[in-house]
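Each chain gets a letter, A, B and so on, in the order the sequences are listed, and its residues count up from 1.
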Protein chains: 2
Amino acid sequence: MEKYKFFDLPEFSTVKDILENERTNYVITLFGLCKILYAGRASSIATYSSRLITFKPDGSVLVHSNRKLKPVNWQPSSSEVKVEIGDELKIYVERKRPKEVLEILMPIVYYLSLSKVDEGEFHLFGSESEMVEEVVKNPELISRDFIPLEREYQTPFGKIDLLGVTSTGYLVLEFKRAQAGLEAVSQLKRYVDYLSWKGEKVRGGIVAPSISKSALKLLKKYELEYFQLSPKLLSTIRLK
Amino acid sequence: MEKYKFFDLPEFSTVKDILENERTNYVITLFGLCKILYAGRASSIATYSSRLITFKPDGSVLVHSNRKLKPVNWQPSSSEVKVEIGDELKIYVERKRPKEVLEILMPIVYYLSLSKVDEGEFHLFGSESEMVEEVVKNPELISRDFIPLEREYQTPFGKIDLLGVTSTGYLVLEFKRAQAGLEAVSQLKRYVDYLSWKGEKVRGGIVAPSISKSALKLLKKYELEYFQLSPKLLSTIRLK
DNA sequence: GCATAGATATCGCGA
DNA sequence: TCGCGATGTCTATGC
């Protein structure tokens with residue numbers, strides 16, 4: 001199988017044939033004029049304009065304009081693609097659950113390319129779960145008397161990142177890899193409320209590299225605590 | 001200016017020249033073998049693999065594998081691109097704040113394309129703010145005695161979607177365009193707590209098309225309310 | 001520039 | 001399948 005193929009100003013029939021028969025083998029890119037209708041969880045219209053459209057083997061579809069990271073329109077993986085030929089090329093991308101349809105109308109396709117794209121290996125460092133691991137290994141990062149009990153402790157109102165005990169009772173820890181905001185405090189409060197309702201003696205703390213001023217204010221109103229800790233990045237990758 | 005250009009197995013010098021001189025005019029797509037290092041808010045390594053790399057005029061960069069919607073690596077708009085030629089082609093994409101670097105190493109570029117992509121018009125229907133508008137116009141959707149006072153009412157602990165009054169006092173409404181979960185309840189509780197601390201008589205309600213079981217349970221624990229309402233989609237766009 | 005919250009969020013995980 | 005929460009979330013908006 002070739003690494004890639006390229007079609008200059010392809011006929012509609014060529015595009016239809018390729019989208020129907022090669023979609024699961026190649027990443028297919030169309031560049032052309034298109035109008036896009038979307039209906040599903042929301043609905044949208046994108047008027048005729050030159051855009052780049054990408055179809056992936058898993059059924060993902062992305063429609064990109066000339067700016068920003070996010071596509072103008074899209075369809076997540078496990079979508080089905082159907083093509084009809086009329087005055088325009090009509091491409092329907094349908095997703096079953098939730099039921100959503102993307103309708104791509106193209107009066108002209110400037111080019112089409114097929115690329116044999118692979119998955120490759122990928123490793124990320126500096127996630128929230130790595131911070132939790134760090135504290136489990138070194139509980140004294142929180143306090144001298146902190147003993148971790150359970151990660152991802154299930155409550156009826158969500159999972160506690162790390163539940164432990166100190167000399168004064170339970171300690172609920174909510175971790176954030178970036179600055180903690182109001183949302184983090186509300187989330188922690190929810191878990192602490194639950195244990196309190198159960199009659200437990202419980203404290204709660206946010207573990208994050210920083211916390212916003214209003215989040216800190218709210219934290220204090222709720223009588224919760226803040227522990228400063230940053231995620232560890234991979235030492236071999238460095239900013240110049 | 002041409003609508004697009006295509007280069008089969010371009011020399012490194014050609015890729016460098018184009019990335020340096022045409023990046024603000026065209027959306028540039030590279031298909032080739034690449035290894036990717038990222039360092040910034042987190043850090044990551046993506047091992048050598050065939051991927052599609054897109055550079056947009058605003059500085060956005062996307063690296064796509066063969067599956068899923070989200071790029072493997074990326075850099076948001078306002079990033080700078082630098083190219084160096086050695087044994088491999090080295091592309092550095094740097095973002096100032098937060099300081100982040102993407103390092104793309106390519107032993108081979110299979111093809112390069114330049115596409116004159118436009119922005120186009122875009123309209124979306126069915127957002128949360130449309131639901132708020134609907135309730136402001138028809139307050140009886142909430143209750144006979146509900147009078148809306150202010151949208152996006154600022155508190156020190158976040159914005160209230162819609163603040164109003166009923167015969168029993170203030171009513172804080174938190175809207176969700178999709179099913180409300182625990183997070184929505186915690187958010188609402190935060191606003192209600194604030195007004196309570198101020199000494200106001202206040203009720204709170206979630207306005208959403210549905211609510212999860214545990215969220216409903218938490219809502220009742222907190223003595224908050226639920227109002228069923230769905231976002232309106234554009235009637236001219238219909239699922240078949 | 002900072003913070004807050006929405007999003008067709010997407011995605012992975014666990015029950 | 002559903003629900004929940006992290007995400008290098010991104011993005012728009014208001015202060």
(request) Go through the steps to decide whether Leu173(B) and Ile142(B) satisfy the test side chain to side chain contact (heavy atoms under 4.5 Å, CB included), and finish with yes or no. (result) CA-CA 10 Å; Leu173(B) 292 180; Ile142(B) 299 303; 3.8 Å; yes

Whole-Å gap separating [atom2] ([N]) and [atom1] ([X]):
| X | N | atom1 | atom2 | result |
| --- | --- | --- | --- | --- |
| Arg151(B) | dA5(C) | CZ | C1' | 14 Å |
| Lys213(A) | dG1(C) | NZ | P | 18 Å |
| Lys96(B) | dG8(D) | NZ | C1' | 18 Å |
| Gln179(B) | dG6(C) | CD | C1' | 17 Å |
| Lys217(A) | dC2(C) | NZ | C1' | 16 Å |

Scan nucleotides 7-10 of chain C against the protein and return all N/O pairs shorter than 3.5 Å with their distances rounded to 0.1 Å.
| unit_1 | atom_1 | unit_2 | atom_2 | d |
| --- | --- | --- | --- | --- |
| dA7(C) | OP1 | Glu128(B) | N | 3.0 |
| dT8(C) | O4' | Tyr38(A) | OH | 3.4 |
| dT8(C) | N1 | Tyr38(A) | OH | 3.3 |
| dT8(C) | O2 | Tyr38(A) | OH | 3.3 |
| dT8(C) | O2 | Arg41(A) | NH2 | 2.7 |
| dT8(C) | O2 | Glu100(A) | OE2 | 3.4 |
| dT8(C) | O4 | Asn73(A) | ND2 | 3.0 |
| dT8(C) | O4 | Trp74(A) | N | 3.0 |
| dA9(C) | OP2 | Arg177(B) | NH1 | 2.8 |
| dT10(C) | OP1 | Arg41(A) | NH2 | 3.0 |
| dT10(C) | OP1 | Trp74(A) | NE1 | 2.7 |
| dT10(C) | OP2 | Arg41(A) | NH1 | 2.8 |
| dT10(C) | OP2 | Arg41(A) | NH2 | 3.4 |

Is [X] salt-bridged to [Y], going by a charged N under 4.0 Å from an acidic O?
| X | Y | value |
| --- | --- | --- |
| Glu174(B) | Lys176(B) | yes |
| Glu103(A) | Lys35(A) | no |
| Glu94(A) | Lys99(A) | yes |

(message) Given 3.5 Å as the limit, does a donor-acceptor pair link the side chain of Ser79(A) with the main chain of Pro76(A), or not?
(response)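 The answer is yes, because a donor-acceptor pair under 3.5 Å joins these two groups.
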
(message) Does anything in residues 59-71 of chain A form a side chain to side chain donor-acceptor pair (under 3.5 Å)? List the pairs, not counting sequence neighbours.
(response)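 Matches after skipping sequence neighbours: Asp58(A)-Ser60(A), His64(A)-Lys56(B), Arg67(A)-Glu119(B).
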
(request) For DNA chain D, determine which residues of residues 57-65 of chain B have any heavy atom closer than 4.0 angstrom to one of its atoms, and list them numerically. (result)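 Residues of residues 57-65 of chain B that come under 4.0 Å of DNA chain D do not exist, since none gets that close.
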
(request) Please work out which residues in residues 180-195 of chain B have a non-hydrogen atom less than 4.0 Å from an atom of DNA chain D and list them by number. (result)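 When residues 180-195 of chain B is checked for heavy atoms under 4.0 Å from DNA chain D, the hits, listed by number, are Leu182(B).
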
(request) Could you work out the separation of dG8(D) and dG14(C) based on their C1' atoms and round it to a whole Å? (result)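 It works out to 25 Å between them.
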
(request) Sort and list the pairs that fulfil salt bridge (charged side-chain N to carboxylate O under 4.0 Å, His left out) and have at least one residue in residues 208-220 of chain B, not counting sequence neighbours. (result)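 Checked against salt bridge (charged side-chain N to carboxylate O under 4.0 Å, His left out) - neighbours excluded - no pair reaches residues 208-220 of chain B.
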
(request) Sorted by first residue and then second, give each salt bridge (charged side-chain N to carboxylate O under 4.0 Å, His left out) pair with at least one member in residues 184-199 of chain A; sequence neighbours left out. (result)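 Qualifying pairs: Lys189(A)-Asp193(A).
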
Under the ring pair (Phe, Tyr, Trp, His ring centres under 6.0 Å) rule, collect the residues that match up with [X], sequence neighbours excluded.
| X | answer |
| --- | --- |
| Phe31(B) | Tyr110(B), Tyr111(B) |
| Phe227(B) | none |
| Phe146(A) | none |

(request) Taking side chain to side chain donor-acceptor pair (under 3.5 Å) as the test, write out the residues that go with Arg95(B), two or more places apart. (result)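 Partners of Arg95(B) under the side chain to side chain donor-acceptor pair (under 3.5 Å) test: Glu100(B).
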
(message) I'd like to check the side chain to side chain donor-acceptor pair (under 3.5 Å) partners of Thr54(A); sequence neighbours left out, ordered by chain and number.
(response)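 Testing Thr54(A) for side chain to side chain donor-acceptor pair (under 3.5 Å), a comparison that skips the adjacent residues, returns none.
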
Between protein and nucleic acid, restricted to nucleotides 13-15 of chain C and to nitrogen or oxygen atoms under 3.5 Å apart, what atom pairs and distances do you find?
none

(message) Go nucleotide by nucleotide along DNA chain D from the 5' end; which of Ala215(B) and Arg67(A) gets its closest nucleotide reached first?
(response)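 Result of the comparison: Ala215(B).
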
